[in-house]
Amino acid sequence: MARQLIKTTREDATGFHKPKKAARESILKPLDENAVNAFTQKRQQVVEPPRPAAEMQSEDAVSTEGTPTPAPNDDRSPVTPEDTAPTSNPADEKEAAPDAAVELVDLVVPPRKRNSTTLSITLRLRVLERHVEPLTKLQSSGVDVQGIMKSAFNQLSKVTFEPRYVAQVAEASGAGGWSLRTTVAVKSETLQAIQAQVRGGAKAPRSKLLLGQIEPAWFSSLDQTIKDYMK
């Protein structure tokens with residue numbers, strides 16, 4: 001079935017059949033060709049990068065190659081590498097020294113000789129009954145009893161203990177409670193020899209084994225010192 005043409009009942013509204021109007025005049029001015037050419041040439045110019053210093057020095061050498069070198073002054077001595085070398089400062093060398101690695105050494109202490117065979121024993125020197133009365137009188141008069149006993153001990157000669165047992169003085173001790181403590185040195189062999197001479201000597205107080213050798217001299221010195229203070 002053939003298509004029927006569309007019939008219009010009014011005038012064409014598309015405007016295709018209407019006559020075209022003349023184009024509007026442009027308000028832009030025509031381009032200046034000289035200005036365009038100048039702008040193009042300016043863009044084409046390339047800025048040269050900075051030249052290396054080595055290249056500039058080589059050119060300076062070439063430019064001065066043909067110039068005569070002035071004669072050296074006779075009054076001046078030639079410059080040597082030693083003259084241009086930097087001088088070293090001793091203070092700088094001292095400051096730089098601690099930066100170097102320091103080699104550590106071991107501390108060496110000489111050995112001390114120790115006599116392990118010597119023993120230190122504390123003795124209590126007592127006062128006899130006959131000393132109580134004169135010491136009491138001296139104390140009442142303002143004399144220090146301990147000072148009297150120390151003076152008597154200082155008058156004793158050095159005591160050297162022998163490897164033999166000596167019993168203590170049998171006289172009774174004084175009731176005043178006065179005594180003087182001192183420390184003596186004795187060899188271990190000497191003490192062992194004394195202990196061997198006494199029944200149960202290994203368990204006996206060591207001071208009791210030694211007092212018999214010092215008490216006679218101690219009492220004699222104390223007697224004389226008391227007499228000197230009584231004068």
Side-chain angles (χ1 to χ4, degrees), residues 90-91 93-95 97-231:
E93 295 179 358
K94 292 182 179 179
E95 294 179 357
D99 296 338
V102 179
E103 183 179 359
L104 300 179
V105 297
D106 296 332
L107 178 64
V108 179
V109 179
R112 297 179 60 184
K113 184 179 179 180
R114 296 182 179 179
N115 189 2
S116 59
T117 60
T118 303
L119 303 175
S120 296
I121 300 176
T122 302
L123 303 180
R124 187 179 70 87
L125 302 178
R126 62 192 176 111
V127 175
L128 298 178
E129 186 66 29
R130 67 173 185 264
H131 299 137
V132 174
E133 185 179 353
L135 288 176
T136 303
K137 291 181 180 181
L138 291 173
Q139 186 179 31
S140 61
S141 62
V143 180
D144 184 14
V145 175
Q146 288 293 326
I148 297 174
M149 298 176 68
K150 289 180 181 179
S151 178
F153 181 79
N154 292 334
Q155 295 179 11
L156 289 177
S157 58
K158 184 178 179 180
V159 179
T160 303
F161 294 95
E162 299 179 0
R164 62 185 181 89
Y165 172 70
V166 177
Q168 291 184 250
V169 176
E171 191 173 348
S173 301
W178 293 307
S179 63
L180 180 67
R181 292 183 179 274
T182 184
T183 302
V184 296
V186 59
K187 294 182 179 180
S188 60
E189 310 90 64
T190 303
L191 182 60
Q192 291 175 2
I194 297 174
Q195 290 173 343
Q197 299 173 22
V198 178
R199 185 180 293 108
K203 297 180 180 180
R206 295 181 297 182
S207 61
K208 300 296 184 181
L209 299 174
L210 300 175
L211 281 172
Q213 298 192 37
I214 193 175
E215 276 190 348
W218 158 247
F219 293 143
S220 176
S221 178
L222 183 58
D223 291 337
Q224 185 61 41
T225 304
I226 292 174
K227 291 179 181 180
D228 295 340
Y229 273 88
M230 294 293 291
K231 294 180 180 180

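As the structure is a prediction and not an experimental result, all values here were calculated from the model.
One distance of note links CD1 of I214 with CZ of F219; it measures 10.0 Å at 0.5 Å rounding. Distance check, rounded to the nearest 0.5 Å: NZ of K208 to CG of L123 gives 10.0 Å. Note that the CG atom of L210 and the OG1 atom of T190 stand 9.0 Å from one another [nearest 0.5 Å]. From M149, atom CE reaches atom OG1 of T182 across 11.0 Å, with rounding to the nearest 0.5 Å. Q192 contributes atom CD, which lies 8.5 Å from atom CG of L119 (distance to the nearest 0.5 angstrom).
Among all heavy-atom pairs drawn from L180 and F153, the shortest one is CD2-CB, 3.7 Å. Closest approach of T122 to S207, counting heavy atoms only: O-CB, 3.6 Å. Heavy-atom minimum distance, G174 versus V132: CA-CG2, 3.5 Å. Scanning all heavy atoms of the two residues, the minimum distance from A217 to L156 falls at O-CD2, 3.2 Å.
In this structure S151 satisfies the side chain to side chain contact (heavy atoms under 4.5 Å, CB included) test together with Q155, T225, Y229, sequence neighbours excluded.
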Donor-acceptor list for residues 158-167 side chains, cut-off 3.5 Å, not counting sequence neighbours:
residue : atom : partner : partner atom : Å
E162    : OE1  : R164    : NE           : 2.6

Note to self: side chain to side chain contact (heavy atoms under 4.5 Å, CB included), that's the test. Do Q197 and L209 meet it? Break it down for me.
What the structure shows: CA-CA 10 Å; Q197 299 173 22; L209 299 174; over 6 Å; no
Next item on the list: Apply the test side chain to side chain contact (heavy atoms under 4.5 Å, CB included) to residues L191 and I121: give CA-CA distance (whole Å), side-chain angles for both, the deciding distance (0.1 Å), then the verdict.
Entry: CA-CA 10 Å; L191 182 60; I121 300 176; 4.1 Å; yes
Next item on the list: Starting from the C-alpha separation in whole Å, work towards a yes-or-no answer on side chain to side chain contact (heavy atoms under 4.5 Å, CB included) for L125 and L211.
Entry: CA-CA 8 Å; L125 302 178; L211 281 172; 4.1 Å; yes
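Remark: Q146 CD is packed, more than 12 non-hydrogen atoms of other residues, nucleotides or ligands lying under 6.0 Å away.
A donor-acceptor pair is defined here as one N or O able to donate and one able to accept, closer than 3.5 Å; such a pair exists between the side chain of S140 and the backbone of K137. In this structure a side-chain-to-backbone donor-acceptor pair under 3.5 Å is present from S221 to A152. In this structure, S179 contributes its side chain and R126 its backbone to no donor-acceptor pair below 3.5 Å.
You'll find the side chain of I194 reaches within 4.5 Å of the side chain of Q213, heavy atoms only. At a threshold of 4.5 Å between non-hydrogen side-chain atoms, the residues I148 and Q139 do not count as touching.
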